[in-house]
Amino acid sequence: MGLNQFLILSAFLFCTGIYGVLARKNAVLVLMSIELMLNAVNINLVAFSAFRGTVSGQVFALFVITIAAAEVGVGLAIVLLIYRNERTSDLDEVDQLKG
Amino acid sequence: MITPVLGAAVAQNVAFYLLAAAMAVSAIGVVRSQNVVHAALFLVVVLAGAAGLYILVAAEFVAWVQVLIYIGAIVILFLFGIMLTRAPMRGTGSLDNTQKWAAAAVSLFLFGVVTALLVDAYGGKEIKLKDSLVVLGNSNTVGTSIFRDYLVPFEVVSMLLLAALVGAVVIARRD
């Protein structure tokens, strides 16, 4: 298998995630798009681990998975708090800091 | 008559492209679906496809962690988030904001640049599948590496998880 097969698939997933972060209005969907991007990075790390024949890439992928879990937990807590105070999870309406 | 080695390489490529096609279509579904629950279910397909890719390069421990943590825990958290915020299921306005064409242009441009760079830098490089990769991906090797080479980052990550847990409880608590 070519290394580029993995890298280009991962680049595609990452760019799809960027589109989601920029174009989505709902906060939960933005968090899902961030998960897509983190997952693309994991595919890169594991592919390079197999390419170089070292285990470090897989360990880094495990760390990224852990950080992703922590990020989703805190992110959803923040979304819940915004929903409780504003009765919306629409990011376009959360603009109190705009001045 | 094809040799067994060539046959295995063909089978790996076929499996890769099947998984890649499913993941690409589902990733588009995550960012384009107008139903929030459908987007979460598309995300499950992408994450399961990534686990399949890890199996394909013999990273079995990472693959099962992916299934347990991502599909088992994170997607469930997302479904809780969708339910608790009463996200619009259908019909009540678009889920996209007004800048989606600019967003599409940005992501397509970035994809083109990154793909050109990758073809230039790694064109022709092959992942050689051999028996040592199976040893590399099992929990013994990964665990030894974590607890010998990456012990300090591992402890830092465990403290970070504790902090995130406490932080999430403090933020979301009703008081």
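Below, read A as the first sequence line, B as the second, and so on, with proteins coming before strands; counting in each chain starts at 1.
Between chain A and the residues B:G124, B:S132, B:P153, B:A102, the most heavy-atom pairs under 4.5 angstrom are made by B:P153. Comparing B:G123, B:A168, B:A73 by how many heavy-atom pairs each has under 4.5 Å with chain A, the most go to B:A168. Among the candidates B:E126, B:Q99, B:K100, the residue making the largest number of heavy-atom pairs closer than 4.5 Å to chain A is B:E126.
No donor-acceptor contact under 3.5 angstrom links the side chains of A:Y19 and A:S33, judged on distance only. A side-chain donor from one of A:Q5 and B:Y17 sits under 3.5 Å from a side-chain acceptor of the other.
In this structure, chain B has heavy atoms under 4.5 Å from both the backbone and the side chain of A:I78. In this structure, chain B has no heavy atom under 4.5 Å from any part of A:R52. Proximity to chain B (any heavy atom under 4.5 Å) is shown, for A:I8, by both the backbone and the side chain. Residue A:L81 touches chain B through its side chain alone, counting heavy-atom pairs closer than 4.5 Å.
The distance between the ring centers of B:F16 and A:F6 falls below 6.0 angstrom. In this structure, B:Y122 has its ring center under 6.0 Å from that of A:F48. Taking the six-membered ring for Trp and the full ring otherwise, the centers of B:Y150 and A:F60 sit less than 6.0 Å from each other.
At a heavy-atom separation below 4.5 angstrom, chain A is approached by B:V114, B:T115, B:L118, B:V119 within residues 114-121 of chain B.
Ring geometry for B:F154 versus A:F63: interplanar angle of 30 to 60°, hence tilted.
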